Structure formats: structure tokens, C-alpha cells
Participant: 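Submitted below is the structure of interest, expressed as C-alpha cells.
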Amino acid sequence: MNNYLSFYDYLENNGLIIPVWRHVIKLIDSCIDNKYNKDDILKLFIIYFSLIVDGNLGISLDKDILKGKWNKKIDGQIVTLQEQNKLNEDDLNIIRKESLDAIDNCLDKINEDYLSEIIGDNKLFYIDDGYLYASKYYKARHSISESLQRIFKVSFKGKTFNYRDYIREPEEGRKPFELSKGQERAVLEGLEKNLIVTGGPGTGKTTSILFILIALLEDDPKLNVYLGAPSGKASDRMKESIINNLGLISDKAKQENEEIIKIIQNLDKSTIHKLLGIDLENGGFKHNKNNQFNKDSIFIIDEASMIDVNIFASLLEAIPTGARLFIMGDKNQLPSVDCGAVFGDLLELNITKDNVVELDESKRFGEDTEIYALAAKVNDGKYDELPVNLSSWMDYKNFKIESENKKSCPVFYYYDGGDASKDGEMIKEIVRKWGEAFFKDLQDKSMNIDYLDDNRLEELYSTVEKAKILCANNGSLRGIQTINKYAIDLFINKKKSQGVAGFYPGEILMINKNNKELDLDNGDNGIVVTFSGDDTLYFMVKKKTKLIDKDEKKENKIFKKGDFVFYPIRMITRNEIDYAYAITIHKSQGSDYEHILVVLPSRAGNPLLNRQIVYTAITRTKGFTYILSNQDRFEEGVKKKLERDTRIPDCI
């Protein structure tokens, strides 16, 4: 290759880097003295940016370690390109040779003295303990460690609190409600210190937090309470769970603590971005280390495994010493889409070891359920003890939607045939059967709705939330793009209605980025509808909003009806919304569905086939789980654990 930009082009054309880093690499070029062999140095930084895309914060300056990590990425990308039928072996061979030569030629020269223009204090990069970091990731690592030491070293005066005094009387023939031992520990310790509560689905993380919240508000009802999560959907789920858990409280306790119950019922929830607030004038967040929240506050943060390193650092910096902080998450779920794996790191730190409570008794999945048995073995990485073997896999041609044995949370395994060339035919047939079961008549039901028909609205939204196809990736014949296209082609008749911006009634959609002006959050999902006497296409979402005060239909404008908000689809930019019959496993975090179909990659060595992907996917169920794969690929996914170079624990 002639220069580093040609190298960049090769990587970008083969999916090994994203365009956003191009301007950064040009900036580095402008900063480095021309006396250096700049091409190799710049190629090394391009390799770093490529590995950032995988969630790493830094790269090792040990040649063998870096070469091993880079070769592993190239090997994985070869498999990915094969699945997408886009592999150019000559390109990948050139990339591998050029990059390994660059590592050999200049890695030992990457130090602060040699590249003082870009490495060191207040420069673009830092070197720390043999690792190279972009300055924002270096600072975020250290900021997190400093904030944790500040926030978690504080102890609080405990109080006498017995949750049983608040529990409603049991229904006849049923045992009284009891917290698990882990939940009891969380409640008792949460009165005296800030906590990190980890546990799988249904282990009662939010239930524990509710009783802590009641106890703290009893002491001081004027405390500010903030509910935050990385996505709008996750924050909605947390608020919904807290409200539902109020059903555990007796009428007597509600009457005696009327003010507290009302506070909890009226709590605001938001994404962490909204919680911190955007400072349009100065850039960054309104709440930061120089402008922290009020000390008399309680912060409840859910789905923490999804939070990337920079947002986590910003959040912790904005929380003052002495405030109450409760972080919830599932340590076994996928880390954030962006850089870092902060929640997993938190559990390994000495500073937090006395503040971690792990809940392991699931009330969603009983120990006698099939999904519980499967998830437990997947978590442990015990691929040789999985409750599935070769005889468990059924021919995909016999795929069907089940309706019985819901209480046992059954799992059905369908063999993918082992022939990747037939993936298109197989996926299309399964999508057809899936669609006929869940959204065959959805288009007709979404048109010409009576505005006053609350039952129709609830029925439509329940269809959106009832079943979901979960995929590891976007591209390939097993990716969400292909599956969503099949669903649209099979079940949306574009002749039945006028479309707007390419959308039609009955289509299931999901917002893919935050929109402050419309009060739409990344992860908000819903369906396109029309009303009688109104040709406007609306995107119907179930959420609370401050945009609209009262129920009042306004043609071609945003309006609300009960728990639903209706947005004229023309108001939403096309690149802010995706089809959502199938979504990525990453996007599914924080959700649960009565039926899930998990579609795993077909080729050995796919980088998206790992333990966290498998676990996160199968635990999105609250009913039936269908898995499309085969024994070899399933075992491979359980064997391989996703790891990132963050080294946050090394900062303390």
C-alpha cells in the first residue's frame, strides 16, 4: 500500500474499521514530525481505532499480545465476511501482512519521548503500564476509579426496618411473600451503604431497591430520587417494575405511608443522558464534577452492563459524595455496544467488594424450568454439561409455534441444516411461520382505528411486545436486515394504504437514537397506525411523556391517549428508526417476551458467537424459547467468553 490512508481504505472496505476515525488519523498525521516513518506509526494507530470498535479501551504494547489480538480480529472478520458473501481473501491477506509489518517496525518506538507531540499529559494519547490509550478513555478509566473510591467509602447511619411490616396479607391458600436471603441482605446493607446489586432476570433486584427506597424516604421524604438507565426502554421497565412491586405493600402500610407511596408512584425516569442534561452552550453535560447533583439524593441506575465507559465516568463524576447510589445489572449479560465493560469491572474492584450483593434465586425461572437449567450451564461455561445434545435438535422444516407448557418455560431446538448456502430459504420459511402466528393480520388491525377504542390499542401494542426474533448481527442471511425485509415482504401489502417516508400501517418499528425534541429514546418501539377519518400515519409508542398534558387527538400532530403517544411518522427522520420484527440481541437487553426465536451465526469462529450473546438472548424469555442453530455452534458459543481490554481494575 502506498500510505496509511490506503491501509485505512482496505480496513474500511472490509468492515474492520468505521469511517468516523478517518478525521482523527488525519489529525494525528498533522501532529507528527515528518522525520518519522509516519506510515507505519499511523497504521498502528489505525489498528488501535479498529480494536476500539470491539469495545477495548487500550492496546498492549507487547508485540506478541497485540499481534495475537489483531490476528484474532482478522480471523473473526474473515468468518463474518464469508457469512455475508463478501470475502475477498486477497484483501485480508494484504491487511494482515501490512499490519503485522507495521507492528514489527514501530511498536517499540511508541513512547512519550519519541511521539511527544501526541503522547503525554494533555495530549491525544497516554501510555499507562504498557498500554496505549486515547486520552478520553485513559481519563475515563481513572475518573471511574476515583469516583468509586469517593462514593463507596461513605457509610450511612442505619435504621431499624422490617420489610414484613409492609407486606400485604397473603391470598387464601398462598404462602406469604418473603424476600430471598440475598434480597434481605441487600435491603439491610442498603440502609448503611451504597450498593451494586447483580443478578439474573427475575432475581428481584428492583424489589430489593423498592424496600430500600421506602426506608430511606421514611427518614427523609424530601430526598431527590433519580431513576436512570442507558436506554428509554430500560428506564421504562425499571419504573414499571417499581410500580408493580408496590402491589406487595398492604393497604394499611400504604395508608400509613401515603406521602411516600405517592412520591414513588410519581417518580420520573429517564435515560442517563437525559438525567445528566445536555449543556448546549458549553458542550458536555449540565451535571458534571464541577456542577454535581444535590447531595440529598438517591440514584437508582438499572441495566448497568449496557453503560459504556464514558457515560459511566460522567455519571459518577456528577454524583456528590454522601449521596445514595444503587447500581443494578446482570454481570453475565453483554457489555455495552460502545467501549468498556464497566459493570463487570465494578464487581472485581477491592473498593467495591463489600458493596456488592449478588442475587441468585430467580422468581421468573423456577429451578425446575428448562430455561433455568440451560441458562445456568451457559453461565458456567459448562458446554459439556448442557441440557441439550445432538438428539435435541429438530429439523427446521418442522418449526412450529408452541402454545402449551408455558409454566415450564420450555426450550425448542431447531437444527439449521448445516448448509449455509440454504440459509435464505430456511430463514424465509421460518419467518413466514413466525409471522403467521404473531402478525399475519396486523396490518388490517392497524388501519382506520376508532380513537376511543382502548382495547384495540392495547391489543396492537401487546402484539408488538409478545414475540421477537433475536439475532447476533445486522448483516448476513441470519441478520436482522434480512429477516425484517422478509417480514415486510410477506406481511405488509403496500397496495392497501398510502405510505409515508417508506412506512406503512402495521409495521413494527424501533427508535435507534435519542431525540430530545420529540421525547423519543433509543429503544422505544411501537407500530404504525392510522385512524378513521385521518390519513396521517402515526407511530404509536407506549410511554410517559411531558410533551403532552392531556388526552386530545390532533390530526397530523403529536397527541396522547392514556399510556400511548402518537407521532406523525413524517416527524421522525428515516435514519432514526428501524424495522423491529427482528432486533439484535444487544438491543433486546432489558426486555422480555412471551416467545423468542434466537438465531445464532452459522459458521465456526464468528466473533459474535460467545457466551454473553447466548446467555443474554435466551434470558429474554418469559415463556417459550426457540433456538435456531446446531450443537457444534451452540457449544462453541458457550465455550467462548467475550473479553475486552479495559484494565479499570488496574487503576486502583
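None of these values were measured; they are calculated from a predicted model.
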Participant: Using a distance-only test with no angle check, is there a side-chain donor-acceptor pair under 3.5 angstrom linking Tyr615 and Asp330?
Facilitator: yes
Participant: Supply the atom-to-atom distance Leu470 CG to Tyr593 OH, rounded to the nearest 0.5 angstrom.
Facilitator: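 One finds 7.0 Å between CG of Leu470 and OH of Tyr593.
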Participant: Does the side chain of Met510 reach to within under 4.5 Å of the side chain of Lys587, using non-hydrogen atoms?
Facilitator: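 Met510 reaches Lys587 side chain to side chain.
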Participant: Does either side chain, that of Arg620 or that of Ser591, offer a donor lying less than 3.5 Å from an acceptor on the other one?
Facilitator: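 On atom types as modelled, these side chains do not qualify, holding no pair under 3.5 Å.
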Participant: Could you tell me whether the side chain of Asn266 and the main chain of Ile263 form a donor-acceptor pair under 3.5 Å?
Facilitator: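 No; judged by distance alone, with no hydrogens or angles, the pair does not exist.
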Participant: Once rounded to the nearest 0.5 Å, what's the spacing between atom CG of Leu223 and atom NZ of Lys295?
Facilitator: 11.5 Å
Participant: Can you tell if the side chain of Ile319 reaches within under 4.5 Å of the side chain of Ile151, non-hydrogen atoms only?
Facilitator: yes
Participant: Could you work out, with side-chain contact (heavy atoms from CB on, under 4.5 Å) as the rule, every residue matching Ser235, not counting sequence neighbours?
Facilitator: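 side-chain contact (heavy atoms from CB on, under 4.5 Å) list for Ser235, sorted by chain: Ala229, Lys269.
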Participant: Between Ser305 and Lys331, is any side-chain donor less than 3.5 angstrom from a side-chain acceptor?
Facilitator: no
Participant: Is it the case that the side chain of Lys239 and the backbone of Leu267 share a donor-acceptor pair, with hydrogens and angles ignored and the cut-off at 3.5 Å?
Facilitator: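 Present.
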Participant: State whether the number of non-hydrogen atoms from other residues, nucleotides or ligands found under 6.0 Å of Lys363 atom NZ is greater than 12.
Facilitator: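 Yes - once you tally the heavy atoms of other residues, nucleotides and ligands closer than 6.0 Å, there are more than 12.
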Participant: Any sub-3.5 Å donor-acceptor pair from Ser147's side-chain atoms to Ile144's backbone N or O?
Facilitator: no
Participant: Tell me whether the centres of the aromatic rings in Tyr166 and Phe161 are closer together than 6.0 Å.
Facilitator: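 That pair passes the under 6.0 Å test.
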Participant: Kindly indicate, with the supporting measurements, whether the criterion side-chain contact (heavy atoms from CB on, under 4.5 Å) is fulfilled by Glu189 and Val357.
Facilitator: CA-CA 9 Å; Glu189 294 190 9; Val357 176; 4.0 Å; yes
Participant: Does any part of the side chain of Ile298, heavy atoms only, come nearer than 4.5 Å to the side chain of Leu213, both counted from C-beta?
Facilitator: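 Sidechains of Ile298 and Leu213: in contact.
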Participant: Evaluate the criterion salt bridge (charged side-chain N to carboxylate O under 4.0 Å, His left out) for residue pair Asp302 and Arg237; output intermediate values, then yes/no.
Facilitator: CA-CA 9 Å; Asp302 199 10; Arg237 294 276 183 177; over 6 Å; no
Participant: Ignoring hydrogens and angles, tell me if any N or O in the side chain of Glu594 forms a donor-acceptor pair with the backbone of Lys466 under 3.5 Å.
Facilitator: no
Participant: Go through Phe564 and Glu458 one step at a time and tell me if the side-chain contact (heavy atoms from CB on, under 4.5 Å) criterion holds.
Facilitator: CA-CA 9 Å; Phe564 297 103; Glu458 287 288 351; 3.7 Å; yes
Participant: Cationic tip of Arg324 within the cone over Phe156's six-membered ring, i.e. under 6.0 Å and within 45° of the normal?
Facilitator: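 Yes, Arg324 lies over the aromatic ring of Phe156.
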Participant: Any side-chain donor-acceptor pair under 3.5 Å between Glu317 and Ser143?
Facilitator: yes
Participant: Let me confirm one number: the CD1-CD1 distance from Ile596 to Ile627, rounded to the nearest 0.5 Å.
Facilitator: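 It comes to 7.5 Å.
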Participant: Looking only at side-chain N and O atoms, does Glu576 offer a donor or acceptor that is under 3.5 Å from a partner on Asn515?
Facilitator: yes
Participant: Rounded to the nearest 0.5 Å, what separation is found between the CG atom of Asn350 and the CD atom of Gln149?
Facilitator: 10.0 Å
Participant: Please report the interatomic distance CG(Leu608) to CG(Leu600), rounded to the nearest 0.5 Å.
Facilitator: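 Leu608 atom CG to Leu600 atom CG measures 10.5 Å (nearest 0.5 Å).
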Participant: Would Ile307 and Ile301 satisfy side-chain contact (heavy atoms from CB on, under 4.5 Å), going step by step from the backbone distance to the final call?
Facilitator: CA-CA 10 Å; Ile307 307 174; Ile301 308 300; 3.7 Å; yes
Participant: Do Val342 and Asp308 make a side-chain contact, defined as non-hydrogen atoms from C-beta onward lying under 4.5 Å apart?
Facilitator: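 No, their side chains stay 4.5 Å or more apart.
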Participant: Do you see a donor-acceptor pair shorter than 3.5 Å between the side chains of Thr646 and Asp345?
Facilitator: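 Yes.
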Participant: Using a cut-off of 6.0 Å, state whether more than 12 heavy atoms not belonging to Lys193 lie near its atom NZ.
Facilitator: yes
Participant: For the rings on Phe293 and Phe299, is their centre-to-centre separation under 6.0 Å?
Facilitator: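 Yes; Phe299 has its ring centre under 6.0 Å from that of Phe293.
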Participant: Donor-acceptor check, side chain of Arg150 to backbone of Ser145, threshold 3.5 angstrom: yes or no?
Facilitator: no
Participant: Output yes when a side-chain donor or acceptor of Thr369 lies under 3.5 Å from a complementary backbone atom of Gly366, and no otherwise.
Facilitator: yes
Participant: Going through the distances and angles, do Tyr137 and Cys339 end up as a side-chain contact (heavy atoms from CB on, under 4.5 Å)?
Facilitator: CA-CA 9 Å; Tyr137 297 127; Cys339 286; 3.6 Å; yes
Participant: I'd like to check Asn291 versus Phe285 (side-chain heavy atoms, cut-off strictly below 4.5 Å). Are they in contact?
Facilitator: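 Asn291 vs Phe285: side chains apart.
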Participant: Would you mind telling me which of His273, Lys274, Lys233 makes a side-chain hydrogen bond (donor to acceptor under 3.5 Å, both in side chains) with Asp521?
Facilitator: Lys274
Participant: Can you tell me which residue among Arg141, Lys139, Arg647 is in a salt bridge (charged side-chain N to carboxylate O under 4.0 Å, His left out) with Asp128?
Facilitator: Arg141
Participant: Apply the test salt bridge (charged side-chain N to carboxylate O under 4.0 Å, His left out) to residues Lys622 and Asp592: give CA-CA distance (whole Å), side-chain angles for both, the deciding distance (0.1 Å), then the verdict.
Facilitator: CA-CA 6 Å; Lys622 57 182 178 182; Asp592 52 54; 3.5 Å; yes
Participant: Does the side chain of Val154 reach to within under 4.5 Å of the side chain of Thr321, using non-hydrogen atoms?
Facilitator: yes
Participant: Are the side chain of Asp220 and the backbone N or O of Lys222 linked by a donor-acceptor pair below 3.5 Å?
Facilitator: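 Flag set: sc Asp220 to bb Lys222 pair under 3.5 Å.
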Participant: I need the minimum non-hydrogen distance between Phe365 and Cys409, along with the two atoms involved.
Facilitator: CD2-SG, 4.0 Å
Participant: In Å, rounded to the nearest 0.5 Å, how long is the span from CG of Leu349 to OG1 of Thr352?
Facilitator: 4.5 Å
Participant: Is there a donor-acceptor contact under 3.5 Å from the side chain of Thr203 to the main chain of Gly200?
Facilitator: yes
Participant: Would you call the rings of Phe566 and Phe559 parallel, tilted or perpendicular, taking 30° and 60° as the class edges?
Facilitator: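 Answer is parallel, since the angle falls under 30°.
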Participant: Examine the side chains of Asn355 and Asn194 and answer whether a donor and an acceptor come within less than 3.5 Å of each other.
Facilitator: no
Participant: Between Lys205 (side chain only) and Ile327 (backbone N and O only), is there a donor and an acceptor less than 3.5 Å apart?
Facilitator: no
Participant: Tyr126 and Tyr138: aromatic ring centres closer than 6.0 Å?
Facilitator: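 Tyr126 vs Tyr138: aromatic centres under 6.0 Å.
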Participant: So do the side chains of Ile300 and Tyr226 get within less than 4.5 Å of each other, counting heavy atoms only?
Facilitator: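 No, too far: nothing below the 4.5 Å cut-off.
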Participant: Does Arg168 make a cation-pi contact with Phe177, if we ask for NZ or CZ under 6.0 Å from the ring centre and within 45° of the axis?
Facilitator: no
Participant: State whether a side-chain donor-acceptor pair under 3.5 Å links Asn610 with Lys639.
Facilitator: no
Participant: Is any side-chain heavy atom of Asp563 closer than 4.5 Å to a side-chain heavy atom of Lys542?
Facilitator: yes
Participant: Throw together a table of side-chain donor-acceptor distances under 3.5 angstrom for residues 241-250, partners on residues two or more places apart or in other chains.
Facilitator:
{"unit_1": "Asn244", "atom_1": "ND2", "unit_2": "Glu240", "atom_2": "O", "d": "3.3"}
{"unit_1": "Asn245", "atom_1": "OD1", "unit_2": "Thr207", "atom_2": "OG1", "d": "3.4"}
{"unit_1": "Asn245", "atom_1": "ND2", "unit_2": "Thr207", "atom_2": "OG1", "d": "3.2"}
{"unit_1": "Asn245", "atom_1": "ND2", "unit_2": "Ser241", "atom_2": "O", "d": "3.1"}
{"unit_1": "Ser250", "atom_1": "OG", "unit_2": "Ala253", "atom_2": "N", "d": "3.1"}

Participant: Between Gln183 (side chain) and Ser180 (backbone), is there a donor-acceptor pair under 3.5 Å?
Facilitator: yes
Participant: Check step by step if salt bridge (charged side-chain N to carboxylate O under 4.0 Å, His left out) holds for Lys353 and Glu358.
Facilitator: CA-CA 11 Å; Lys353 67 180 182 180; Glu358 182 168 358; over 6 Å; no
